[in-house]
Amino acid sequence: MSDERFDVVVIGSGPGGYVAAIRAAQNGLKTACVEVYKTLGGTCLNVGCIPSKALLHTSEIYEAAQTEFPAFGIKTEGLQLDLQAMMANKDKAVTELTGGVAFLFKKNKIEHIVGKGSINGPGSVSVALADGGSRTLEAKNIIIATGSDVTSLPGIEIDGKRIVSSTGALVLDKVPGHMVVIGGGAIGLEMGSVWLRLGSRVTVLEYLDAVLPGMDGEVRKSFGRMLKKQGMEIKTGARVIGVKTTKAGATVTYETVQNETAESIKCDIVLMAVGRKPYTDGLGLEEVGIEVDEAGRIVVGDGFETNVSGIYAIGDVIKGPMLAHKAEDEGIALADNLAGLTGYVNHDVIPSVVYTMPEVAAVGKTEEELKEAGTAYNVGKFPFTANSRAKTNRQTEGFVKIIADAKTDKVLGVHMVGSDAGNMIAEAVLAMEFGASAEDIALTCHAHPTHTEAVKEAAMAVFAKPIHM
Ligand code: FAD
Ligand code: NAD
């Protein structure tokens, strides 16, 4: 085999692409990964999950030091924010983790080709190398894992100064006086929380009637109230129609959905967080005849193959939630399939977590979805105010809600708001993957004192009474 011939060429090194490349190499396939940026890890490691979680964690400690430490008997005189050091810590996390992927590539003998990839047709990828020149790679299998990119509203340009995307919101060099966030999804609420905790006034404008579209209605409403209590201003039913910037700031104009009147807000920084779009620029999809849907996502069949034989796609660039773990699991399943093994992703059981304080976590169906489908169900709920560990830690906001089939008791959905919900949802995911009933969870021994006991109690509440309520 010549140097330029591979079993698998992956385009894009985000959680979908780099994980697919590693598993393909582990399966004995000669693998290359083409990435336009010098660092590996894609959106998630460079400008997404990792840097945002670093800032969420440090801003949470900073706020807790001001508002919660005294109650625990810890004095914090002279507490100060060193934003530069906070940013440096975030950058260090990114460098360590992207470096970790580079290490894994070397270990698994995956060639990392730095440049922009485009598909010539089945079996052939051209790379415009970042250092100049080009290479043509022969590939038995091509995996498109080019992810997604920031998007804006019509007529509003993200200038990176007054109007920033999530990427800009991760590198602000001073705490804005007033930040207006357009969109009450995961990005808006996570990045809004960061800057609120660091001292900004934050106003979220959300088009729908509650934040976090797609989540369970009860969770959305009560979580919105919790954020308001923290000082986040949230205007729902507010459709942003324009932003004007000046040297001094920006003015955001929105229409109220209820009475269609136009209102405006002045601020220092606008964070545009209205969703992301699949990234396929310059890939050659049209030339090769690869089908995309109305949202620009690459259409794939059950085995992630596009309509062109030997060309596959995974992650944010195809349908489904834009989540790192979904992209990773698709990468593993596809790389196993390509090696003649059996790869599998259960798309019905993909957890979703919003890393605010409290965290929001969910898996499976919402009440609204079950009502629409006409499925009869029972609900069990348990509040953290009655959980001993949450009480001891003074983090009693939120609840666990389990929805189970009325006839079979099979768990259909689990929804949580709580300080440790992001970790706790794993139990619910595993339970659903194994087709557990609410009774199975209730009969499973949970360690005391832990937040997870709230899951057991919510499961009890589905068919009987919880103990501590
Ligand atoms: P990406 O990570 O987008 O990677 C695609 C890569 O392909 C990029 O590096 C890009 O440069 C490269 N590329 C594109 N075109 C080409 C080309 N032609 N040639 C070569 N390279 C190319 N998800 C979670 O699950 N949890 C979180 O906490 C979370 N937080 C987030 C926070 C923010 C601020 C953002 C923006 C996103 C967050 N996400 C989170 C979403 C998550 O980042 C994505 O779902 C995930 O990165 C998708 O992985 P991917 O491999 O499909 O694509
Ligand atoms: P989103 O789709 O989750 O939320 C966008 C919000 O903007 C929606 O609520 C929508 O109703 C609102 N909106 C749209 N147009 C509007 C307008 N004109 N005026 C007011 N509001 C408007 O998108 P996002 O928050 O930008 O996140 C993008 C992707 O990144 C998501 O798919 C998400 O899954 C992923 N992400 C995940 C995490 C996580 O897993 N913790 C964190 C960040 C991002």
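Indexing begins at 1, ligand by ligand and atom by atom, following the structure's order.
Between Glu206 and ligand 2, an N or O atom pair is found at a separation short of 3.5 Å. At under 3.5 Å, a nitrogen or oxygen of Glu190, whether backbone or side chain, sits near a nitrogen or oxygen of ligand 2. Close N/O approach between Ala186 and ligand 2 is found [any backbone or side-chain N/O within under 3.5 Å]. Of the polar atoms of Ile182, none of the N or O atoms is found under 3.5 Å from an N or O of ligand 2, judged by distance alone. Polar contact with ligand 2: present for Val240 (N/O pair, distance under 3.5 Å). At least one N or O atom of Val353, backbone or side chain, sits closer than 3.5 Å to an N or O atom of ligand 2. Between Met322 and ligand 2, at least one N/O pair is under 3.5 Å apart.
Between Phe384 and His451, some side-chain heavy-atom pair lies under the 4.5 Å cut-off. Looking only at side-chain heavy atoms (C-beta outward), Asp149 and Asp281 stay at 4.5 Å or farther from each other.
The minimum heavy-atom distance between Lys30 and Arg5, with the atom names listed, is NZ-O, 3.2 Å.
Around CD of Glu157, the count of heavy atoms belonging to other residues, nucleotides or ligands within 6.0 Å does not exceed 12.
Under a 4.0 Å criterion applied to the non-hydrogen atoms of Ala238, ligand 2 contributes the atoms 19 (N), 20 (C). Near Ala327, with a cut-off below 4.0 Å to any heavy atom, the atoms of ligand 1 are 49 (O), 52 (O). Residue Lys116 has at least one heavy-atom neighbour below 4.0 Å for each of these atoms of ligand 1: 18 (N), 19 (N). Atoms of ligand 1 found under 4.0 Å from any heavy atom of Ser166 (numbered from 1 in listed order, with element): 34 (C), 36 (C). The ligand atoms of ligand 1 that sit less than 4.0 angstrom from a heavy atom of Val47 are 34 (C). Atom numbering of ligand 1 starts at 1 in the shown order; those under 4.0 Å from a heavy atom of Ile187 are 36 (C). In summary, the atoms of ligand 1 found under 4.0 Å from a heavy atom of Cys44, numbered by their order in the structure, are 2 (O), 43 (O), 47 (O). Within ligand 1, counting atoms from 1 as listed, the ones closer than 4.0 Å to a heavy atom of Tyr355 are 28 (O). Residue Gly115 approaches ligand 1 through these ligand atoms, each under 4.0 Å from one of its heavy atoms: 19 (N), 20 (C).
Atom 1 (P) of ligand 1 has Thr43 OG1, 3.5 Å as its closest protein atom, hydrogens excluded (heavy atom only). With hydrogens left out, the protein atom closest to atom 12 (C) of ligand 1 is Glu35 OE1, 3.3 Å, a heavy atom. What sits closest to atom 44 (C) of ligand 1 on the protein, heavy atoms only, is Asp316 OD2, 3.3 Å. For atom 24 (C) of ligand 1, the nearest non-hydrogen atom of the protein is Ala324 N, 3.5 Å.
Considering each of Pro321, Ser148, Gly12, Ala145, the one bringing a non-hydrogen atom nearest atom 5 (C) of ligand 1 is Ala145. When Lys53, Glu190, Glu330 are ranked by how near their heavy atoms come to atom 30 (N) of ligand 1, first place goes to Lys53. Nearest to atom 49 (O) of ligand 1 by heavy atom, out of Pro15, Gly14, Ala186, is Pro15. Of the listed options Ser352, Ala361, Gly275, Gly275 places a heavy atom closest to atom 26 (O) of ligand 2. The closest heavy-atom contact to atom 21 (N) of ligand 2, among the options Tyr254, Tyr355, Tyr207, comes from Tyr207. The closest non-hydrogen atom to atom 5 (C) of ligand 2, taken over Cys44, Ala273, Gly183, comes from Ala273.
In summary, the side chains of Thr366 and His415 do not present any donor paired with an acceptor at a separation below 3.5 Å, with no hydrogens or angles considered. The closest side-chain donor-acceptor pair between His178 and Thr203 falls under 3.5 angstrom. With hydrogens and angles left out, the side-chain atoms of Asn120 and Ser126 include a donor and acceptor closer than 3.5 Å. A donor-acceptor contact under 3.5 angstrom links the side chains of Asn27 and Asp336, judged on distance only. The closest side-chain donor-acceptor pair between Glu330 and His347 falls under 3.5 angstrom. A donor-acceptor pair shorter than 3.5 Å can be found between the side chains of Thr261 and Thr256.
Residue Ser52 places a heavy atom less than 4.0 Å from ligand 1. Heavy atoms of Pro213 approach ligand 2 to within less than 4.0 angstrom. At a 4.0 Å cut-off, at least one heavy atom of Arg276 sits close enough to ligand 1 to count as contact.
At a heavy-atom distance under 4.0 Å, no atom of Ser148 approaches ligand 2. Residue-level proximity to ligand 2 for Leu323 is carried by the side chain, the only part with a heavy atom below 4.0 angstrom.
Panel note: side chain Glu4, backbone Leu137; no donor-acceptor pair is recorded below 3.5 Å.
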Review item, side-chain donor-acceptor pairs of residues 310-317, under 3.5 Å, at least two apart:
{"unit_1": "Asp316", "atom_1": "OD2", "unit_2": "Ser148", "atom_2": "OG", "d": "2.7"}

Between side-chain atoms of residues 188-196 and protein atoms elsewhere (two or more places apart, or another chain), which donor-acceptor pairs fall under 3.5 Å?
{"unit_1": "Glu190", "atom_1": "OE1", "unit_2": "Lys53", "atom_2": "NZ", "d": "2.7"}
{"unit_1": "Glu190", "atom_1": "OE2", "unit_2": "Tyr355", "atom_2": "N", "d": "2.8"}
{"unit_1": "Ser193", "atom_1": "OG", "unit_2": "Leu189", "atom_2": "O", "d": "2.7"}
{"unit_1": "Trp195", "atom_1": "NE1", "unit_2": "Ala169", "atom_2": "O", "d": "3.0"}

